Structures are given as structure tokens and as C-alpha cells.
Number of protein chains: 2
Amino acid sequence: MVQEQSRSEKTRELIINSARKVFLEKGYAETSTRNIADVAGITQPAMYHHFNDKEAVYLEVVNRVGKDVREVIGQGVLKPRLQPLNRIDEITKNLFDIHPKGVGIFIHESYAHLSPAGQRKLGMLYRMYYLDPLTGYFNLPEVKLRKEVLPDEAADILIYSLNAMFSSFYRIGGQSISTRDKGKLSLRLILFGIAEEPDEQ
Amino acid sequence: MVQEQSRSEKTRELIINSARKVFLEKGYAETSTRNIADVAGITQPAMYHHFNDKEAVYLEVVNRVGKDVREVIGQGVLKPRLQPLNRIDEITKNLFDIHPKGVGIFIHESYAHLSPAGQRKLGMLYRMYYLDPLTGYFNLPEVKLRKEVLPDEAADILIYSLNAMFSSFYRIGGQSISTRDKGKLSLRLILFGIAEEPDEQ
DNA sequence: GTCTATAGATAGATAGAC
DNA sequence: GTCTATCTATCTATAGAC
């Protein structure tokens, strides 16, 4: 069942892996097709033999990265020995191992630069690989959400809030949360909020 | 004391106000100097008589917008008749009246496209006009923060989390929180978190 | 299948006439 | 002070030789 990889397939994989590095680091708009070709060690037009356009390369990369994301979230959910808070802490740690500059620069900031069809596809991949697996975590019986929050809303909010925590801009206003322990502390703030809840609103 | 405005000063104001509209809507990178000039009804090179470069126009706009932001936050803080939650709700509402596409597209996404000097200045303005006034709210004696959160951290987290809530990308995964009441609900999630806190961690 | 060459678009910024 | 014309750089994508 192991198929020999043709030269074309090898080059295609090389392009995808090179593009993965650059897109994860700089996002869609700031990545040029020459950047990708340079990392791959081919000329820029050669890329167009393997892909229709830049968008097709990006969406294939999102598909590959997304599968890894789904995998690490799924592994984190299925660790019954760990407390729920330690499990979600491990999930976010693995999420940022995959996205060195955060999820936002890779997914959210790319959206506006895609064609309408590309935007629909990106939305689909984001839901399938990021939101749905995290919804699985918040659906665990031992994870207690605040009563007005639905599991898929919690997943969405968590990813967006994490974006914020790991933004490089986070430091420009002076020393801030990112200079302290980014992991556990940030996560507690997102999960449990920043303020004391008033007795009755 | 009322000084007559010269023709040059009027044109400069016209450019700033035109740029303000476009930068708030599209952010720094997606705004071209021709966009600004078109809105102002002048040619693109004419802009360069009044400003050294695109960055100078942007930073002047941030300064103007920032003053308005400081103003609405300050007004919100000083409303002792309102409950704290209603006050912060009013503050965020006014914040998004000023930023129709959210604070992120105007401030945070612009950062990477500026010169080092511009980045330092933007960081300074962001702290002065956004973070410090909000820190004032979280310093109010009647606002109770969770014990591990400092007031300036709370300010930073609030702005970043609000970014997320109002991102246009927020909808692509299907119907989500943004289709419900964006205001009070989102704010409660940021302030008080999404999860029930475990009895002891 | 990959290359060189280049088309075609758009960006920020400058030169110089008026 | 504003204009027309243009420079320079960069980008995505294509044409066509090899």
C-alpha cells in the first residue's frame, strides 16, 4: 500500500512545508510567493506548476496545520488523570508550539485577503480543526461552564483571547502580563475572568 | 486667543479627518495614501506637502482618536450613579462607536508596519490613551478584581479580548456570540470568565 | 518540471512646472 | 500649495524556451 512518491509529489511537499514555516511566522499578507520559493530552494514561477495560486498553497497549509491542531487538542481532552485546568493548560501550550506567533496571525489576519471562496473554506477549516475539538473539551462533564455560556462559544472566546495574550504588540505599552508566566495565569484569567462577580447584578 | 486658521492648516485638518475615516475602517497596511487623498479631494502628492510620510499621518490620527478614547473612558469612570458593570458596559460601547471595526485593526495590526521609532510612539500613545484610562476604572474602590490580577493587566486584557469579540472573522465559523447581544454578554464573559471556578485548584 | 524574462498592478515617495 | 509626471520597489501571475 506504500506508494512511491513521484518527483512532482516530492516538490509539492517541499513547497507546502516551506510555506508552512513562513505562513505560520508572518501570516498570509506578509508572505510573498518568493519567500516561499526561496525557502524551498526553487524559483517563484516553479511554484505555479504545482499550485494554481498563492491562496491554494495557503489553504493546503491550513489544512495540514489544522490536522495537527485537532490532534493535540484531542490528545489533551483525553487525559482523565489530569485536572481539567491542567488539561486545557497543556492544550494551549501545544497550540502555541504549533503557532509560534499565535493563532491570530496565521488564521484571523489572513481572512480579509482571501477570495470569497477562500474565506468560506478557511471558515470551514477553522471550525473543523480548531473550534469543534475545543468544544469537545468544554463539553466534558467535569468542565463546568458559567451558566450563560455555551460550549462552542467558550471555544471561540478562548482562541480569540489567547490571540491577545500572545500578540507581539502586547509588550509595547510597557511591561505587561506577557513578561510573567504566560501560561497558567493567562488561562485562568480567560477561564475565570478578571473581576470578582458582584453578589447580584 | 482664537487664531485664524490658515489655508495650510485647513488642508492639514482635512487630510487628518479623511485619514481618520480610512485608517479606522481598514487599518494602516490596507490604507493607501491615494485612498486618503481621494477622500480629502486632493491629489496624492499634495499630502506630502503637509506630512513627511504615511506614518506621520497615521500617528497624528492615532493621537486624535486616542484623545477621544481617553475622554469617553474618563467620562465612563466618573458616573457614580451607575453600577460598575453598567459603567464598563457604557465605556466599551463608546469605544466601539469610535472604532467601527474594533481597536485591533486600528492599533494592533498596524504596529508591525511602522518604523522602530513609529512603533515606540504608537506604544506610548496606546498606553497613554487606552491603557492608563482603563486602569483608572479598574482602580476604582468599588470594582473588585480577582486577587491575582493587577489593574493595568486587567485593562490590557479587556482591550485585547474586546478585539476578539468584534472581529469580522468571528462569524466565519458559523453563528456565534456576535450574532447575540454583543455588549453585555461579551463583557460579562471577559470580566467574570467563561468557566466555573473549581473549589480549590 | 524548472528555468529566464516579463507582464500588469499597485504601492510610497519625489521632481519640477505653475 | 497643488498639480502632472514619474521613479523605484514589490507583488502575483503568465509566456515560452529548454
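These values consider heavy atoms only, across backbone and side chains, with no hydrogens, waters or symmetry-generated copies. Every value quoted in this text rests on a predicted model; they were computed, and no experiment measured them. Residue numbers start from 1 in every chain, and the chains themselves are labelled A, B, ... in the order their sequence lines are given, proteins ahead of strands.
Put simply, CE on B/Met47 is 13 Å from P on D/dT2, counting in whole angstrom units. In this structure, B/His113 places its NE2 atom 12 Å from P of D/dC11, rounding to the nearest Å.
Dashed line: the shortest gap from a side-chain N or O of A/Thr43 to OP1 or OP2 of C/dC3 is under 4.0 Å.
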What do the steps show when you test B/Glu60 against B/Val57 for side-chain contact (heavy atoms from CB on, under 4.5 Å), and what is the final call? CA-CA 5 Å; B/Glu60 179 58 31; B/Val57 182; 5.9 Å; no

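DNA chain D is contacted by B/Ser8, B/Thr11 of residues 8-16 of chain B, taking any non-hydrogen atom closer than 4.0 Å. Annotation: proximity of residues 48-58 of chain B to DNA chain D (heavy atom, distance under 4.0 Å) is found for B/His49, B/His50, numbered in ascending order. DNA chain D lies under 4.0 Å from no heavy atom of any residue of residues 22-30 of chain B. Proximity of residues 32-39 of chain B to DNA chain C (heavy atom under 4.0 angstrom from any strand atom) is restricted to B/Ser32, B/Thr33, B/Arg34.
The side-chain contact (heavy atoms from CB on, under 4.5 Å) check on B/Asp53 picks up B/Glu55, B/Ala56, with sequence neighbours excluded. Remark: A/Thr11 engages A/Arg7, A/Ile15, A/His50 in a side-chain contact (heavy atoms from CB on, under 4.5 Å) (not counting sequence neighbours). With sequence neighbours left out, A/His99 forms a ring pair (Phe, Tyr, Trp, His ring centres under 6.0 Å) with A/Phe106, A/Tyr130. Evaluation of the side chain to side chain donor-acceptor pair (under 3.5 Å) rule for A/Gln44 yields A/Thr33 as partners, not counting sequence neighbours. When the side-chain contact (heavy atoms from CB on, under 4.5 Å) test is applied to A/Asp97, the partners found at least two apart in sequence or on another chain are A/Lys93, A/Asn94. Residues forming a side-chain contact (heavy atoms from CB on, under 4.5 Å) with A/Pro133 (at least two apart in sequence, or on another chain): A/Arg70, A/Ile73.
Note on A/Ser6: nothing from the nucleic acid sits closer than 4.0 angstrom, heavy atoms only.
Between A/Tyr28 and A/His113, the ring-plane angle classifies as tilted under the 30° and 60° cut-offs.
One N or O on the side chain of A/Asn35 and one on the backbone of A/Ser32 form a donor-acceptor pair closer than 3.5 Å.
Taking 4.0 Å as the cut-off between side-chain N and carboxylate O, A/Glu142 and A/Arg87 count as a salt-bridged pair. Of the charged side-chain nitrogens involved, none lies within less than 4.0 Å of a carboxylate oxygen, so that B/Asp89 and B/Arg188 do not count as a salt-bridged pair.
Among residue pairs with one or both ends in residues 23-43 of chain B, those qualifying as salt bridge (charged side-chain N to carboxylate O under 4.0 Å, His left out) are B/Glu25-B/Lys101; sequence neighbours excluded.
A/Lys67 forms no cation-pi arrangement with A/Tyr129, by the criterion of a distance under 6.0 Å to the ring centre and an angle within 45° of the ring axis.
Of the candidate nucleotides D/dG1, C/dT2, D/dT12, D/dT12 has the atom lying nearest to any side-chain atom of A/Gln44.
Put simply, OG on B/Ser110 and OH on B/Tyr126 are 12.5 Å apart, with the number rounded to the nearest 0.5 Å.
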With the criterion being N/O to N/O and under 3.5 Å, what pairs connect the protein with nucleotides 15-18 of chain C, and how long is each?
none

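Of the residues B/Asn63, B/Val62, B/Val61, the one that meets the side chain to side chain contact (heavy atoms under 4.5 Å, CB included) test with B/Val65 is B/Val61.
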